[in-house]
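Only one structure is covered here, and it is reproduced in the block below.
Keep in mind it's a predicted model, so treat the numbers as computed, not measured. To find a chain, count down the sequence lines: A is the first, B the second, and so on, and within it residues start at 1.
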Protein chains: 2
Amino acid sequence: MAEAKSRRPLADSTAVHDQVYDAIRQALITGRIAPGVGVSLRSLAAELGVSPMPVRDAVRRLVAERALAINPANKRLSVPSLSADRLQQLSQARLWIEPELAARAAPLADEALIKGLRAIDSRLDAALAAGDVDGYMTANHAFHFAIYERSGAEVLLSMAGGLWLQIGPFMRVVFGRVGTGGLPADYHAEAIAALKARDVEGARRAIAADLSEGMDKMRIAVEAGS
Amino acid sequence: MAEAKSRRPLADSTAVHDQVYDAIRQALITGRIAPGVGVSLRSLAAELGVSPMPVRDAVRRLVAERALAINPANKRLSVPSLSADRLQQLSQARLWIEPELAARAAPLADEALIKGLRAIDSRLDAALAAGDVDGYMTANHAFHFAIYERSGAEVLLSMAGGLWLQIGPFMRVVFGRVGTGGLPADYHAEAIAALKARDVEGARRAIAADLSEGMDKMRIAVEAGS
DNA sequence: TTCCTAAAACTGTGATCACAGTTTGCGGCC
DNA sequence: GGCCGCAAACTGTGATCACAGTTTTAGGAA
């Protein structure tokens with residue numbers, strides 16, 4: 001399933017604006033575009049080698065998802081800055097939605113999902129050991145959403161996706177400062193076990209614990225950093 | 001069908017695509033565009049008397065907010081259809097977010113907010129008495145978001161806004177079938193009282209009860225209708 | 001130097017056109 | 001009469017241009 005580690009992160013979608021969306025989204029999550037700095041349609045277009053038109057579409061979408069902000073006075077684009085208050089709201093929303101997605105996925109879990117999760121988790125451990133921050137964040141994202149997608153709850157799933165997009169820059173701050181030291185991988189094993197046993201409440205608890213730990217770290221890092 | 005150019009004074013936003021966004025959003029919420037039917041950029045543009053360009057921007061935003069859907073094969077636009085499963089997810093998300101927003105608003109409530117809410121609520125009652133469905137839904141939206149905006153929780157607020165946008169068509173189905181018979185206005189009075197007393201848990205409970213009642217009706221209507 | 005002004009560069013927005021793919025509808029064929 | 005096929009209309013997408021603000025830069029005057 002997800003073991004294909006495509007060197008091209010851009011999917012096979014023929015729509016240019018979708019590829020641009022993915023590119024900017026990835027740049028945002030991995031922190032290649034730092035929070036607070038301004039961007040522009042034409043500069044992004046030049047950087048990606050496309051015309052401003054598909055960039056405009058992608059940016060419109062990212063603004064709607066609050067992954068980019070638009071200055072009401074200037075109408076100029078920028079990456080939203082990180083604040084403790086924003087992090088708290090995003091954390092709270094994640095704690096509502098993501099454990100529920102895991103709980104919904106539990107009864108639907110099958111052997112293929114478990115195998116896929118184990119593969120992702122080993123990639124995650126490898127990235128952790130190597131200090132590969134990008135690899136860790138990519139694997140972590142893949143792990144969570146492999147579970148969430150199994151839930152079949154499309155609406156909640158898209159909400160979770162939007163939250164990860166907004167919280168991505170915070171994660172980068174944490175791992176940029178603290179490193180990949182503390183390891184929440186235990187909860188991943190716990191989550192896999194709960195899913196294998198189709199234990200609804202166990203899955204909910206494992207994901208909630210995983211989230212709580214990660215977000216506590218982020219909170220500490222943000223409070224210390226500001 | 002070209003002479004239907006309404007010279008409505010849409011907001012004070014100078015950006016055309018924002019006005020188009022508001023227009024389509026309102027049409028969606030009030031059910032003027034029925035769920036399941038297809039729309040197109042050019043038809044919307046002609047109807048609103050603008051060029052396709054700002055419509056394209058507005059639609060991109062609405063698609064990102066899941067208020068419009070895009071057929072992956074056709075790439076054609078349509079209004080998402082109503083399903084019991086979708087309603088359940090939207091309801092659950094609303095029950096997480098909106099009572100929390102009310103709870104956060106409670107300590108910040110002041111006399112101006114209370115007065116505003118009372119004014120909105122009387123407009124709501126008038127619309128109910130007159131059987132004015134559009135007026136009722138507009139007032140109900142205004143009531144809830146007057147409270148939520150007071151919370152200052154920007155992230156959660158925008159999530160709530162997205163949820164209302166998606167649940168709008170469901171509301172129309174309810175009131176189109178059941179009429180404005182059952183009245184949840186009692187909970188509005190309860191919410192106002194709790195806010196006036198700066199009672200955090202009371203506000204949370206009142207809004208939760210209001211939501212539960214309304215969404216139960218929607219669920220019944222959708223299950224009966226499908 | 002320091003300050004102020006004018007020009008150049010850059011910004012998002014909207015309009016218009018071209019293009020490829022899909023849908024629709026009409027006409028003729030069996 | 002029923003069905004097939006082709007052309008016209010319509011769809012979203014992308015490129016290019018014009019325009020009005022804003023920001024930045026350059027230059028000249030004190």
Side-chain angles (χ1 to χ4, degrees), chain A residues 10-25 27-28 33-34 36-81, chain B residues 1-2 4-8 10-25 27-28 33-81:
Chain A
L10 299 182
D12 48 14
S13 172
T14 53
V16 178
H17 66 85
D18 276 333
Q19 302 180 8
V20 171
Y21 171 83
D22 287 339
I24 302 179
R25 176 189 173 108
L28 247 34
I33 311 180
V37 309
V39 294
S40 82
L41 298 182
R42 288 174 177 87
S43 67
L44 287 170
E47 197 170 333
L48 297 170
V50 298
S51 93
M53 201 62 227
V55 176
R56 183 172 168 177
D57 284 344
V59 161
R60 198 63 77 183
R61 186 171 159 193
L62 289 161
V63 168
E65 289 169 330
R66 309 222 147 230
L68 284 178
I70 174 168
N71 185 329
N74 283 14
K75 298 164 180 290
R76 273 180 160 78
L77 289 168
S78 63
V79 184
S81 348
Chain B
M1 50 177 62
K5 11 182 20 175
S6 54
R7 297 300 276 148
R8 193 174 350 176
L10 286 175
D12 44 16
S13 173
T14 52
V16 178
H17 66 86
D18 276 333
Q19 302 179 9
V20 171
Y21 171 83
D22 287 339
I24 301 179
R25 176 189 174 108
L28 247 34
I33 311 180
V37 309
V39 294
S40 83
L41 299 181
R42 288 173 176 88
S43 66
L44 286 171
E47 198 169 333
L48 296 170
V50 299
S51 94
M53 201 64 229
V55 177
R56 184 173 167 176
D57 284 343
V59 161
R60 199 61 79 183
R61 187 171 159 194
L62 289 162
V63 168
E65 290 169 328
R66 303 283 188 279
L68 284 178
I70 174 169
N71 185 331
N74 283 13
K75 298 163 180 295
R76 274 179 157 76
L77 289 169
S78 62
V79 183
S81 343

Provide, to the nearest angstrom, the distance between the CG atom belonging to Asn71(B) and the P atom belonging to dG12(D). 11 Å
For Val39(B), report the nucleic acid contact type (base, sugar-phosphate, nothing); a contact means any heavy atom under 4.0 Å. sugar-phosphate
Would the base of dG12(D) count as contacting Arg42(B) through its side chain, where contact means a donor and an acceptor less than 3.5 Å apart? yes
Tested for side chain to side chain contact (heavy atoms under 4.5 Å, CB included) against Val20(A), the lone hit among Asp57(A), Leu62(A), Leu44(A), Val50(A) is Val50(A)
Between CG of Leu41(B) and OG of Ser51(B), what distance do you get to the nearest 0.5 Å? 10.5 Å
Could you give the CZ-to-P distance, from Arg56(B) to dC17(C), as a whole number of Å? 16 Å
Between P on dT11(C) and CD1 on Ile70(A), what's the gap in Å once rounded to a whole number? 14 Å
Nearest whole angstrom, please: distance from the P of dG12(C) to the CG of Leu68(A). 11 Å
Find out whether Leu28(B) and Leu68(B) are in side-chain contact, i.e. whether some heavy atom of one side chain is under 4.5 Å from a heavy atom of the other. yes
Would you please confirm or rule out a distance under 4.0 Å between OP1 or OP2 of dT23(C) and any side-chain N or O of Asn74(B)? yes
To the nearest Å, give me how far apart CG (Leu41(B)) and P (dG12(D)) are. 4 Å
What closest approach, in Å, do Pro54(A) and His17(A) show between heavy atoms, and which atom pair accounts for it? O-CB, 3.5 Å
Nearest whole Å is fine: how far is dA15(C) P from Met53(A) CE? 12 Å
Compare the minimum distances between each of dT13(C), dG14(D), dG14(C) and the side chain of Arg60(A), then state the nucleotide with the smallest one. dT13(C)
Between dG12(D) atom P and Leu77(B) atom CG, what is the distance in whole Å? 5 Å
To the nearest Å, give me how far apart OH (Tyr21(B)) and P (dT13(C)) are. 15 Å
Does a side-chain N or O of Arg76(A) approach OP1 or OP2 of dC10(C) to a distance below 4.0 Å, or not? no
Would one find a side-chain N or O of Ser40(B) under 4.0 angstrom from OP1 or OP2 of dT11(D)? yes
Whether Asp18(B) and Arg25(B) form a salt bridge (side-chain N of Lys/Arg under 4.0 Å from carboxylate O of Asp/Glu) is what I want to check. no
